[in-house]
Amino acid sequence: MTQEEKRTQMFSLVAKWHESDENQETFVKRHDIKLNTFRYWSSKYREAHQAPEDFIELPSIHGAMIQLYFPNGVQIHLPIQTPMEVIKGLLGKF
């Protein structure tokens, strides 16, 4: 099974769990999945399905900077006037 097939299969199970009334422990036992594996894929599913509307517009402050720090060590400093679409695009790359 390829990684993409595994992802599709697990995302399908996570979606199925969201539609059920079961807690995670009961669901994974019924589907013979390890709880930690299911929690990993649940977090990946949540990341993949987060709406970009979670962003808020910041008021303009003269001379202020937006600083983005990524887990891989990349740091980006942007002028506060940077359009939101540019920031969203950058967030998807790291």
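- Atom-to-atom distance recorded for Leu91:CG and Met84:CE is 9.0 Å, nearest 0.5 angstrom.
- In this structure, Ala48 and Arg7 approach most closely via the heavy-atom pair CB-NH2, 3.8 Å.
- The side-chain heavy atoms of Lys6 and Phe11, taken from C-beta on, include no pair separated by under 4.5 Å.
- Looking at every heavy atom in both residues, Phe27 comes nearest to Glu22 through CD1-OE1, 3.2 Å.
- The cluster map of Ile, Leu, Val, Met, Phe, Trp and Tyr, joined by side-chain heavy atoms under 4.5 Å apart, puts Leu35 and Val14 in the same cluster.
- Contact record, Ile76 with Phe70: CD1-CE1, 3.7 Å, taken as the closest heavy-atom pair.
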request  = Please assess Lys44 against Met10 for the test side chain to side chain contact (heavy atoms under 4.5 Å, CB included), listing each intermediate value before the final yes or no.
outcome  = CA-CA 10 Å; Lys44 292 294 183 188; Met10 293 306 294; over 6 Å; no
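- Between Phe38 and His31, a ring centre-to-centre spacing not shorter than 6.0 Å is recorded.
- Between atom CZ of residue Arg46 and atom CH2 of residue Trp41 there is a gap of 13.5 Å, rounded to the nearest 0.5 Å.
- Surrounding CG of Asp21 are at most 12 heavy atoms belonging to other residues, nucleotides or ligands under 6.0 Å away.
- Linking Ile, Leu, Val, Met, Phe, Trp and Tyr whenever their side-chain heavy atoms come within less than 4.5 Å puts Trp17 and Tyr40 in one cluster.
- Distance check, rounded to the nearest 0.5 Å: OG1 of Thr82 to CG of Leu90 gives 8.5 Å.
- Going from atom CD1 of Ile66 over to atom CD of Gln81 covers 8.5 Å, rounded to the nearest 0.5 Å.
- There is a path of hydrophobic side-chain contacts, each under 4.5 Å, that joins Val86 to Val74.
- We find the CG-CD1 distance between Leu68 and Ile87 to be 6.5 Å, quoted to the nearest 0.5 Å.
- Judged by distance alone, with hydrogens and angles left aside, the side-chain atoms of Thr8 form a donor-acceptor pair with the main-chain N or O of Glu4 at under 3.5 Å.
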